[in-house]
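What follows is a single structure, written as structure tokens, with notes after it.
As the structure lists them, so they are numbered: ligands from 1, and atoms in each ligand from 1.
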Amino acid sequence: MLGKFITIEGGEGAGKSTMLELVADWLKQAGHQVVRTREPGGTELAESLRDILLDKDNVGLSSLTELLLMFAARAQHLAELIRPSLAGGKTVLCDRFTDATWAYQGGGRQLPREEIAALETLVHGDLQPDLTLLLDLPVEQGMRRASNRGESDRFERESLVFFTRVREAYLERALAAPERFAVIDASKEVEEVWSQIERVLQTRVGS
Ligand code: Z5A
């Protein structure tokens, strides 16, 4: 039996890392064998591509190169980790997946939809997450939270306008696939954000 594929998404400072920890614990307690991973990354080769993608000194990286590297990392991640884990009945909990490409490269960088759609079909046409938790909050609030962290990476240096487009693209994706997405109000206190997510897990995942 195939395992479940759960992804967590959101803009800057949405609190993904904070919630991922809690989601992983909840799933384990519910009896799932959890494989926790992230994108870009998740395997040695894909993590090397992540380093290139996030390196603030790679100022000349074109938007198309960025898009191709995201999908190259994803192809390796799927082949080496995601697909074998799901085939083995494990629950894969992934910090970002292709919805992030639609949001950042589609919304943020404004790359054509057809290009993203073609790559999505090529890389994982038959596979989509079973559940996507979208942590949504006003862009300014997220940027304030994120600014408390250390040095910014290549994406974190983007503008308010860029992150506004990212947020809009995420919400558009969620509206188009309500059976897969759960939109979480991430502007609340940690406990309140978690209780929204816990309710979704209880009704949509179970043990
Ligand atoms: N990217 C892309 O462009 N295309 C793609 O296809 C993919 C990715 C897959 C790396 O992702 C970058 O890759 C990402 C998009 C791009 N760039 N950006 N920006 P990442 O997921 O590794 O990077 P990130 O978005 O910066 O995630 P993060 O560091 O894991 O941040 P977060 O998880 O959303 O936030 P956090 O670290 O849990 O929380 C931020 C701060 O807020 C922290 O101090 C917390 O203690 C605090 N916090 C968290 N929750 C709350 C609440 N509820 N209230 C108050 N404070 C809170």
What part of P40, side chain, backbone, both or neither, has a heavy atom within less than 4.0 angstrom of ligand 1?
both
Ligand-side contact atoms (ligand 1) for residue partner T101, heavy atom cut-off under 4.0 Å:
5 (C), 6 (O)
Give the residue, atom name and distance (to 0.1 Å) of the protein heavy atom nearest atom 53 (N) of ligand 1.
K188 O, 2.9 Å
Contact with ligand 1 for A14, non-hydrogen, under 4.0 angstrom
yes
Got a sec, which pairs hit ring-ring contact (aromatic ring centres under 6.0 Å, His included) with one end in residues 109-149, sequence neighbours left out?
F97-H124
Within the 3.5 Å criterion, strictly below it, is a donor on E47 or Q76 matched to an acceptor on the partner's side chain?
no
Can you tell me the protein heavy atom closest to atom 54 (N) of ligand 1 and the distance?
R145 NH2, 3.3 Å
So L131 and T7, do their side chains get closer than 4.5 Å, heavy atoms only?
no
Between R74 and ligand 1, which residue portion shows a heavy-atom distance shorter than 4.0 Å: side chain, backbone, both, or neither?
side chain
For ligand 1, which atoms, with element, lie under 4.0 Å from some heavy atom of E39?
9 (C)
Would you mind listing which atoms of ligand 1 come within a distance below 4.0 Å of any non-hydrogen atom of A100?
4 (N), 5 (C), 6 (O), 7 (C), 9 (C)
Just to verify, which of R96, R74, R50 counts as forming a side-chain hydrogen bond (donor to acceptor under 3.5 Å, both in side chains) with E39?
R74
Taking the side chain as C-beta and beyond, is there a heavy-atom pair between H77 and C94 under 4.5 Å?
yes
Measure from atom 45 (C) of ligand 1 to every heavy atom in T18, T7, D185 and give the option owning the shortest one.
T18
At what distance is the nearest protein heavy atom to atom 1 (N) of ligand 1, and which residue and atom is it?
M70 CE, 3.5 Å
Are any of the side-chain heavy atoms of L53 and N58 separated by less than 4.5 Å?
no
D95 bridged to K16 by N-O distance under 4.0 Å:
yes
So do Q196 and V200 actually touch side chain to side chain, heavy atoms under 4.5 Å?
no
So, for atom 43 (C) of ligand 1, does the protein have a heavy atom nearer than 4.0 Å?
no
Please confirm whether M19 comes under 4.0 Å of ligand 1, counting heavy atoms of the residue only.
no
I'd like to check which ligand 1 atoms, numbered from 1 as shown, lie under 4.0 Å from a non-hydrogen atom of E12.
18 (N), 19 (N), 26 (O)
Taking 4.0 angstrom as the limit, do R165 and E158 come out as a salt bridge?
no
Please check whether E66 reaches ligand 1 - meaning an N/O of the residue sits under 3.5 Å from an N/O of the ligand, judged on distance alone.
no
Considering non-hydrogen atoms of the protein only, which is the closest contact for atom 18 (N) of ligand 1, and what is the distance?
F155 CB, 3.6 Å
Just to confirm my output: which protein heavy-atom neighbour is closest to atom 39 (O) of ligand 1, and how far is it?
G15 CA, 3.8 Å
Show me which atoms of ligand 1 lie under 4.0 Å from any heavy atom of Q105.
2 (C), 3 (O), 4 (N), 5 (C), 6 (O)
Within the 4.5 Å heavy-atom criterion, are I8 and L135 side-chain neighbours or not?
yes
For residues 175-187, please give each side-chain donor-acceptor pair under 3.5 Å, one per line with the distance, not counting sequence neighbours.
residue	atom	partner	partner atom	Å
R180	NH1	D99	OD2	2.8
R180	NH1	T132	OG1	2.7
R180	NH2	D99	OD1	3.0
R180	NH2	D99	OD2	3.4
D185	OD1	S187	N	3.0
D185	OD1	S187	OG	2.6

Strictly below 4.0 Å, N to O, side chains only: are R167 and D136 in salt-bridge contact?
yes
Give the residue, atom name and distance (to 0.1 Å) of the protein heavy atom nearest atom 33 (O) of ligand 1.
S17 N, 2.6 Å
Could you tell me if T98 and T101 have a donor-acceptor pair between their side chains, going purely by distance under 3.5 Å?
no
Give me the nearest non-hydrogen protein atom to atom 14 (C) of ligand 1 as residue plus atom name, then the distance to 0.1 Å.
R96 NE, 3.8 Å
Looking at ligand 1, would V190 count as a contact under a 4.0 Å heavy-atom criterion?
yes
R50, R38, E156: member with heavy atom nearest to atom 22 (O) of ligand 1
R50
Note: ligand 1 atoms sitting under 4.0 Å from heavy atoms of E189 are 53 (N)
What I'd like to find out is whether the side chain of V35 reaches to under 4.5 Å of the side chain of L86, using heavy atoms alone.
no
Protein contact to atom 28 (P) of ligand 1 [nearest heavy atom, distance to 0.1 Å]
R149 NH1, 3.4 Å
Residue portion contacting ligand 1 (non-hydrogen atoms closer than 4.0 Å) for K16
both
